[in-house]
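Both ligands and their constituent atoms are indexed starting at 1 by order of listing. Predicted model only: the values in this text are computed from it and were never measured. The analysis underlying the following values was restricted to heavy atoms, covering all of them including side chains, and did not include hydrogens, waters or symmetry mates.
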Amino acid sequence: MTTDDSHHDDASPDEDRRQSGGEWRESDTRAVDEPVLPDGGTEAEGADEATLDPWGSSTIADYRKLFEQFGIEAFDEVLPEVPNPHYLMRRGVIFGHRDYRPVAEAMRNDDPFAALSGFMPTGDPHIGHKLVFDEIIWHQQQGGDAFALIADLEAHSARGLSWDEIDEHATNYILSLLALGFDPDEGTLYRQSDNREVQDLAFELGAEANFSELQAIYDFDGETDVSHMQSVVTQMADILYPQLDGPKPTVIPVGPDQDPHMRLARDLAARMRYFGVTEAFASFEADAVERTLLRQAYDAREEYAEEPDRPRCGEAADWLRDHQPAPADARESVVAKLDEAGKEPLRPRTRFLDRNATAEAFEALIETIDGEKRVYDEHIDTFDLDHAEAEELARQVELDNGGYGFQPPSSIYHRFMTGLTGGKMSSSIPASHISLLDDPEDGYDKVKSATTGGRSTAEEQREKGGKADECPVYELYAYLLSGDDDEFAKEVYDECVGGERLCGGCKEQAAELMAEFLEDHQEKREEWADKLDELDIDLDSDRAPTSAD
Ligand code: TRP
Ligand code: SF4
């Protein structure tokens, strides 16, 4: 992969990677009566390893690989916890998530939560961006604080767009977002370059990350320009911005290509925390694997301790030596630590680690802990607090002492749409995608000439049925044209695979619906265009009209 710093020949290269090969297959994990069943099958034998590259062209041959390879979880698993799930969730278009549970829980309990996403203004907004607009809007309607930002710094530094181009595209994104239902009185819209708080936070977060790390995550090298790196910390700040007025579950709806950013943001959120809370068994430090061994030794104390309610570290060391649980290297290191601690009792406790706390905050935490505690240089052990209580206390002391108390941000991932001409949806191939600014007639025509999953003859189609799972037109129905109407989506699907629906009529219907959608959308855009001045977002930058490089 390249860092793509000088990429301004293509009108909007990012769209290429946003829109890549999701194909449809009947999912084996869903109930039969569910209407639309994509699950990223493995059509291409030995398909490429998934690569997740925010500035490259991620082709995702098999969405399931993302689960194993990157630890993204299947959305299906949290779906039952989501109140009134959006149709994109119900239909598996939103296929994955990281840590969405706290957001779902906040929704159920009417607790504060937020949703934020950002758009690089590199071209016209199109039906792929509409997915993300809809996701933000839906979270707003569920009671969340909603945020949308224009990633102008990123567009300038990573894509080489001029400020004039950026201004024009920025307005178009905002108008479509508003036309689709974003409530600007309740939500927040901003440009990265205009948001002082985001810039300040980016600077703070930058102090927690270094070049080697960006190199490992994004493949940056000695040629990568500094502004591009700054746009990364800016995105980290965007992602945490909703929590500046207090920690809350926050979901970032994005395509899976943005997952590297999510992993870094979650790391940085944790690194900014004043205190870590862990479980411990003795005064010494132990890592997660060592702790598992310590827990095993503690649980077996009846077997070896002279006084079972007061097992000694040295006794636990002997037991571990005899029993040899895996892994060997962790066992060796923990046995050494236990030997050294000797007569010290082995005793479970909840530990606060000083990560990023000021001296005052550390003192304040000591003061606040009730009950039995032991204070060390860099940690405090408590014996009367469980993990959850300790987390709560740590966050409170952090907030009272000037910290942010960030919760790790969550994310949800949607599938990329297939191009209307088959293959990728790409903005450099106008016929492959539908811009939200396309004339309704053009939209109609593009759908009419789209590739389908139909058979070569009407007769064969009646006999075998169409391949809805491989049909970009069916995708349009599922992702957009059916809206909230699951029954309609299911009807199209069933009729297609049952051979009752023929492609000519099916495309005609889709084309009409598309033209209607575009007409309605553009009317709403115009209404908003007249009101844009009243909104609290400055769409024109005051920058000199230079190019990025
Ligand atoms: N990097 C994103 C893109 O390529 C844009 C972006 C900037 C963003 N800041 C963000 C996305 C914060 C989600 C959250 O389009
Ligand atoms: Fe696609 Fe419709 Fe043809 Fe089925 S009938 S293959 S959904 S165009």
Check whether D152 reaches the backbone of R191 with its side chain - one donor and one acceptor, N or O, closer than 3.5 Å.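 Looks like no, no N/O pair under 3.5 Å.
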Pull out every atom of ligand 1 sitting under 4.0 Å from any heavy atom of [X], numbered as shown with elements.
| X | answer |
| --- | --- |
| L149 | 7 (C), 9 (N) |
| L116 | 12 (C), 14 (C) |
| Q192 | 7 (C), 9 (N) |
| E154 | 1 (N), 2 (C), 4 (O), 5 (C), 6 (C), 7 (C) |
| S117 | 13 (C) |

Take atom CD in E500; do more than 12 heavy atoms of anything else shown fall under 6.0 Å from it?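 Counting neighbours around CD of E500, more than 12 heavy atoms of other residues, nucleotides or ligands fall under 6.0 Å, so yes.
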Could you confirm whether C506 has any N/O/S atom lying under 2.8 Å from atom 2 (Fe) of ligand 2?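 Of the N, O and S atoms in C506, at least one lies under 2.8 Å from atom 2 (Fe) of ligand 2, which means yes.
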Look at ligand 2 and say whether Q461 reaches it with a heavy atom at a distance under 4.0 Å.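 Yes, Q461 has heavy atoms under 4.0 Å from ligand 2.
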Around [atom], find the nearest protein heavy atom and jot down its residue, atom name and distance.
| atom | answer |
| --- | --- |
| atom 1 (Fe) of ligand 2 | C471 SG, 2.3 Å |
| atom 3 (Fe) of ligand 2 | C503 SG, 2.3 Å |
| atom 4 (Fe) of ligand 2 | C496 SG, 2.3 Å |

Cation over ring face, R415 and Y63, 6.0 Å, 45°: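 Because its charged atom sits under 6.0 Å from the ring centre and within 45° of the axis, R415 does stack over Y63.
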Row check, Y477 ring normal vs R501 NZ/CZ: under 6.0 Å, within 45°: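 Yes; both conditions hold, so R501 lies above the ring face of Y477.
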Examine ligand 1 and decide if any of its atoms is less than 4.0 Å from a heavy atom belonging to P54.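 No, that is not the case, since the closest heavy atom of the residue is not under 4.0 Å from the ligand.
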Proximity of A468 to ligand 2 by residue part, where a heavy atom lies under 4.0 Å: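 No part of A468 is near ligand 2 at this cut-off.
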Considering the heavy atoms of [X], write down every atom of ligand 2 situated less than 4.0 Å from one of them.
| X | answer |
| --- | --- |
| Y474 | 7 (S) |
| G454 | 6 (S) |
| T452 | 8 (S) |

Please find out if less than 6.0 Å separates the ring center of F220 from that of W55.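 Yes, ring centres under 6.0 Å apart.
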By the definition side chain to side chain contact (heavy atoms under 4.5 Å, CB included), identify the one residue from E135, R98, M107, H139 that meets it with V251.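 The residue from E135, R98, M107, H139 that satisfies side chain to side chain contact (heavy atoms under 4.5 Å, CB included) with V251 turns out to be H139.
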Between [X] and [Y], does any side-chain donor sit less than 3.5 Å from a side-chain acceptor?
| X | Y | value |
| --- | --- | --- |
| Q192 | T234 | no |
| Y493 | D469 | yes |
| Y413 | S411 | yes |

